[in-house]
Amino acid sequence: FPSHDMGFWKIDGDSIKLSEGLRKHIGEEIVHDLYQDEKGNIWVGYAKGLKILTYPDYLPVVFSKLEIGIKVAIKQIVRSEMGEFFFASDNGMFRWDGKELYKYNDENSGLPNNQVVTIAIDKAGTIWAGLGNGIARIYLDKRDKSKIVVRSFDLESGFYGQSCLSRSICIDDKTGHGIVTGKQIGR
């Protein structure tokens, strides 16, 4: 299901058509990201938040503590090997552990700003976040999983890009290091 500012398109390999069923639940909002889980459900990060559309009919989840808690544009959806979801937004980063929604921002977590553009998670569980003014390496606090420990990198610490670009972080499988782009490649 590719998406753009007019909704969802279904492509079956032979044809392409606008999916009215999916469009009706999102409207004509800008869709930033799609994630399909192991059950076939589609998680939609869009201009007004998050929707979870259930497989096979792609109807919205009726109960969703998760959707109620997120009413900001979701730029990216990432899932860790532990099964937790992380959401990048212009209002910080969100984490959904399957039961609780946690919000991390510049007021409660040590993030240097709220513009989280992109997220990647390495094999060790380290979260790498591309920010509006640099990058951050993030760990879940071992004593209190509702908190995070942040180490940020910006121009003063050697990150030459003014901000990260969408989907601009990848993890080197051999070293575990984050590889990030702003206007240049950094490591």
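Only this structure's heavy atoms are used, side chains among them; waters, hydrogens and symmetry mates stay out. For clarity, every value in this text was computed on a predicted model and none was experimentally measured. We count residues from 1, following the sequence as given.
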Pair listing, salt bridge (charged side-chain N to carboxylate O under 4.0 Å, His left out) test, anchored in residues 128-144, at least two apart: Asp144-Lys147
Taking only residues two or more places apart in sequence, or in another chain, which ones meet Asp106 in a side chain to side chain donor-acceptor pair (under 3.5 Å)? Asn114
Nearest 0.5 Å, please: how far is CG in Leu140 from OG in Ser80? 8.0 Å
Working to the nearest 0.5 Å, report the span between CD1 of Ile77 and CG of Asp33. 5.0 Å
Candidate pair Phe87 and Trp96, rule ring pair (Phe, Tyr, Trp, His ring centres under 6.0 Å), full reasoning: CA-CA 8 Å; Phe87 308 99; Trp96 172 249; 8.4 Å; no
With sequence neighbours excluded, tell me which residues meet salt bridge (Lys or Arg N to Asp or Glu O under 4.0 Å) with Glu38. Arg79
For Asp90, which residues count as a salt bridge (Lys or Arg N to Asp or Glu O under 4.0 Å) partner, sequence neighbours excluded?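 For Asp90 the salt bridge (Lys or Arg N to Asp or Glu O under 4.0 Å) partners, ignoring immediate neighbours, are Lys75.
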When you compare the side chain of [Y] with that of [X], does any pair of heavy atoms fall below 4.5 Å?
{"X": "Ile138", "Y": "Leu111", "value": "yes"}
{"X": "Glu81", "Y": "Lys123", "value": "yes"}
{"X": "Thr126", "Y": "Tyr139", "value": "yes"}
{"X": "Leu50", "Y": "Trp43", "value": "yes"}
{"X": "Leu34", "Y": "Val44", "value": "yes"}

Which atom of Glu107 lies closest to which atom of Asn105, heavy atoms considered: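 Scanning both residues, the minimum pair turns out to be N-OD1, 2.8 Å.
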According to side chain to side chain contact (heavy atoms under 4.5 Å, CB included), who are the partners of Thr54, at least two apart in sequence or on a separate chain?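 Residues passing side chain to side chain contact (heavy atoms under 4.5 Å, CB included) with Thr54: Asn41, Leu59, Val61.
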My understanding is that only residues two or more places apart in sequence, or in another chain, count here; which of them pass side chain to side chain contact (heavy atoms under 4.5 Å, CB included) with Asp97? Glu84, Arg95, Lys99, Glu100, Tyr102
Check for me whether the distance between the ring centres of Phe94 and Phe85 falls short of 6.0 Å.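 Distance test on ring centres: not under 6.0 Å, no.
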Among Ile127, Thr118, Ile119, find the one that has a side chain to side chain contact (heavy atoms under 4.5 Å, CB included) with Val78.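 The passing option is Ile119.
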